[in-house]
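For reference, the structure discussed in these notes is given below.
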Amino acid sequence: MTYHPRSEFMRVMIERGFLADCTDYQGLDEALSKGVVPAYIGFDATARSLHVGSLIQIMMLRWLQKTGHKPITLMGGGTTKVGDPSFRADERPLLTEAEIDANIAGIKQVFAKYVRYGDGPTDAIMLNNDEWLADLNYLEFLRDIGRHFSVNRMLAFESVKSRIDREQSLSFLEFNYMILQAYDFLELNRRYGCLLQMGGSDQWGNIVNGIDLTRRVAETEIFGLTSPLLTTSDGKKMGKTADGAIWLNAEMRSPYEFWQFWRNTSDADVGRFLKLYTELPLDECDRLGALSGSEINDAKIVLANEVTTLCHGRESAEAAEATAREVFEKGGVGDDLPTVTLSAADVGEAISAAQLFVKSGLVSSGKEAKRLIAEGGAKANDAAVSDPGQMFGAETLAQTVKLSAGKKRHALVKLDG
């Protein structure tokens with residue numbers, strides 16, 4: 001990247017590592033320099049919460065507003081009914097209207113923590129594309145919008161081509177997704193003067209389609225900007241772990257577990273993640289990222305505290321750090337650890353160590369529990385568990401037991417009542 005931007009937003013995107021590609025660097029930079037630019041990112045409602053994989057896009061919207069522009073958070077109430085086929089090996093399961101509405105309600109909770117909503121020129125607005133997609137007349141849509149799309153060109157997009165090359169079925173329903181997303185951009189431009197769509201680099205084809213459609217129909221110059229698809233330094237997809245997605249809603253992933261995810265960041269990722277997921281100055285991100293040995297752990301705590309503060313508040317971040325210190329440094333229990341309550345029916349007179357680790361959520365199967373125990377990674381109240389058949393009676397569980405899977409993952413298990 002040799003382009004030197006005039007606008008603060010483009011400068012932040014480049015310097016902090018948010019920018020993968022842009023349809024017109026100079027044109028977008030000039031628009032951002034002239035006045036308030038409304039920009040949107042779309043989020044399909046496929047789950048009750050977004051996870052850490054979406055956090056880079058949420059931070060882009062936050063920086064957009066901080067640099068004087070207007071974020072539009074577009075919920076895909078309509079497009080979720082179709083399902084984005086981008087780089088997927090199979091068709092997404094179709095959700096009911098009620099499931100989609102419930103998911104949107106859950107996702108809304110997160111955005112208000114990162115952007116400010118209101119009626120001002122740079123206040124964010126939240127929209128649902130079902131508003132204009134649900135009542136489309138199919139024949140009119142084909143005549144007015146469909147005629148602008150070349151099937152030859154759509155087949156050439158990598159997200160579609162990769163699916164066809166692997167001889168995996170791509171339904172006509174899914175094939176329509178990119179037309180609907182392109183239409184979103186046209187509608188947002190018509191209704192709200194939206195000039196920019198942002199998204200992950202896997203959305204490049206969909207974004208370009210929207211720009212082309214809006215140029216043809218509305219004769220308006222609009223722009224697209226993508227962020228890199230992030231993986232950790234060991235090649236894993238951002239936001240996914242052995243025990244599932246790192247959700248942003250507290251009821252789906254506790255603030256302590258969220259904090260712990262960031263505290264466990266690989267040394268090589270610390271500097272990059274500080275730039276993307278916190279608002280610390282760049283020189284401080286570089287300084288912390290360059291630490292080595294035991295000092296890098298201090299940088300990881302800063303990362304965990306800053307990211308958790310944005311998502312769950314300063315009190316939750318401080319409580320998580322205090323719990324971690326109690327558990328790791330002092331060998332204590334830690335009141336803020338994830339707690340699993342078992343019923344008398346779960347336990348009976350006693351329950352085996354293998355079953356207990358499964359019910360705690362620290363492992364997903366008895367086989368995994370046995371492997372953890374065989375490798376010496378299982379502890380109960382900081383004492384090694386060496387036998388998967390070791391029994392824990394109701395009397396023991398009435399006192400609350402701290403289970404540990406390795407050095408970093410812990411849970412409290414107690415008996416109901």
Side-chain angles (χ1 to χ4, degrees), residues 38-50 54 57 61 70-86 88 90-112 115 117 119 124-149 151 154 159-160 170-200 202-203 205-218 220 222 224:
Y40 93 98
I41 299 179
F43 299 86
D44 276 348
T46 53
R48 291 286 181 102
S49 170
L50 299 174
S54 297
Q57 273 80 49
L61 290 170
K70 187 178 188 71
I72 299 172
T73 50
L74 180 67
M75 300 308 303
T79 40
T80 301
K81 296 173 185 175
V82 175
D84 184 1
S86 297
R88 285 183 63 88
D90 53 3
E91 190 170 347
R92 291 183 186 274
L94 296 180
L95 303 178
T96 66
E97 291 257 10
E99 288 171 327
I100 291 171
D101 290 344
N103 288 347
I104 288 174
I107 291 170
K108 279 181 178 179
Q109 298 171 27
V110 171
F111 285 113
V115 294
Y117 288 93
D119 300 322
I125 55 174
M126 178 169 282
L127 303 170
N128 185 338
N129 64 11
D130 200 50
E131 182 183 332
W132 51 82
L133 295 181
D135 297 324
L136 284 177
N137 179 296
Y138 188 59
L139 290 178
E140 286 181 7
F141 186 73
L142 285 178
R143 185 192 63 201
D144 298 340
I145 303 300
R147 66 190 178 90
H148 295 293
F149 289 84
V151 171
M154 290 165 73
S159 59
V160 174
L170 179 71
S171 72
F172 182 68
L173 179 71
E174 293 176 289
F175 194 58
N176 273 270
Y177 184 93
M178 63 177 73
I179 299 178
L180 295 177
Q181 185 170 325
Y183 185 69
D184 281 346
F185 204 170
L186 173 62
E187 280 297 311
L188 288 170
N189 179 261
R190 283 170 166 169
R191 295 173 182 226
Y192 301 96
C194 183
L195 295 180
L196 171 64
Q197 181 183 358
M198 302 186 290
D202 61 335
Q203 294 298 312
N206 291 334
I207 291 172
V208 169
N209 270 331
I211 291 171
D212 286 348
L213 177 65
T214 306
R215 281 175 180 160
R216 291 169 187 269
V217 175
T220 302
I222 57 177

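These numbers come from a predicted model, not from an experiment.
- Interatomic distance, CZ of Phe43 versus CG of Leu50, reported as 6.0 Å (0.5 Å rounding).
- Of all heavy-atom pairs spanning Cys194 and Ala39, the tightest one is SG-CA, 4.0 Å.
- Smallest separation of non-hydrogen atoms from Gly76 and Asp44: CA-OD1, 3.5 Å.
- Taking every heavy atom of both residues into account, Val115 and Ala124 meet most closely at CG2-CB, 3.9 Å.
- With sequence neighbours left out, the side chain to side chain donor-acceptor pair (under 3.5 Å) criterion links Ser49 to Asn249.
- Considering CD1 of Ile145 and CD of Glu140, their distance stands at 10.5 Å, rounded to 0.5 Å.
- Contact annotation: the side chain of Asp130 never approaches that of Met75 to less than 4.5 Å [non-hydrogen atoms, C-beta and beyond].
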Side chain to side chain contact (heavy atoms under 4.5 Å, CB included) assessment of Val217 paired with Arg190: CA-CA 10 Å; Val217 175; Arg190 283 170 166 169; 3.3 Å; yes
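- Put simply, CZ on Phe111 and CD1 on Ile41 are 8.0 Å apart, with the number rounded to the nearest 0.5 Å.
- Nearest heavy-atom pair, Ala45 versus Ile104, reported as atom, atom and distance to 0.1 Å: CB-CG1, 3.6 Å.
- The closest donor-acceptor contact from the side chain of Thr220 to the backbone of Ala218 lies under 3.5 Å.
- Of all heavy-atom pairs between Ile211 and Gly224, the closest is CD1-N, 3.3 Å.
- To the nearest 0.5 Å, atom CG of residue Leu213 and atom CZ of residue Arg215 are 11.5 Å apart.
- Across Asp184, Leu195, Leu196, a single residue satisfies side chain to side chain contact (heavy atoms under 4.5 Å, CB included) together with Tyr40, and that is Asp184.
- Side-chain N/O atoms of Gln203 and Gln181 include a donor and acceptor closer than 3.5 Å.
- Evaluation of the salt bridge (charged side-chain N to carboxylate O under 4.0 Å, His left out) rule for Glu99 yields no partner, not counting sequence neighbours.
- The distance from atom CD1 of Ile125 to atom CG of Asp119, rounded to the nearest 0.5 Å, is 10.0 Å.
- Partners of Tyr192 according to the ring-ring contact (aromatic ring centres under 6.0 Å, His included) rule, which considers only residues two or more places apart in sequence or in another chain, do not exist here.
- Taking the side chain to side chain donor-acceptor pair (under 3.5 Å) definition, one finds that Asn128 meets it with nothing, sequence neighbours left out.
- Contact check for Met198 versus Gln57: no side-chain heavy atoms found under the 4.5 Å cut-off.
- By the ring-ring contact (aromatic ring centres under 6.0 Å, His included) test, Phe149 is found to be paired with no residue, residues two or more places apart in sequence or in another chain being considered.
- Considering only residues two or more places apart in sequence or on other chains, Arg191 meets the side-chain contact (heavy atoms from CB on, under 4.5 Å) condition with Glu131, Trp132, Glu187.
- Residue His148 holds its NE2 atom at 11.5 Å from OH of Tyr183, rounded to the nearest 0.5 Å.
- Between Leu127 and Leu188 there is a side-chain heavy-atom pair separated by less than 4.5 Å.
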Between Ile179 and Phe141, is the side chain to side chain contact (heavy atoms under 4.5 Å, CB included) condition met? List the steps. CA-CA 10 Å; Ile179 299 178; Phe141 186 73; 3.7 Å; yes
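- Judged by distance alone, the side chains of Asn129 and Thr79 do bring a donor and an acceptor atom under 3.5 Å apart.
- At least one donor-acceptor pair closer than 3.5 Å links the side chain of Asn137 to the backbone N or O of Leu139.
- Between Thr46 and Thr80, the closest side-chain pair of non-hydrogen atoms falls below 4.5 Å.
- One N or O on the side chain of Arg147 and one on the backbone of Arg143 form a donor-acceptor pair closer than 3.5 Å.
- In this structure a side-chain-to-backbone donor-acceptor pair under 3.5 Å is missing from Asn209 to Met178.
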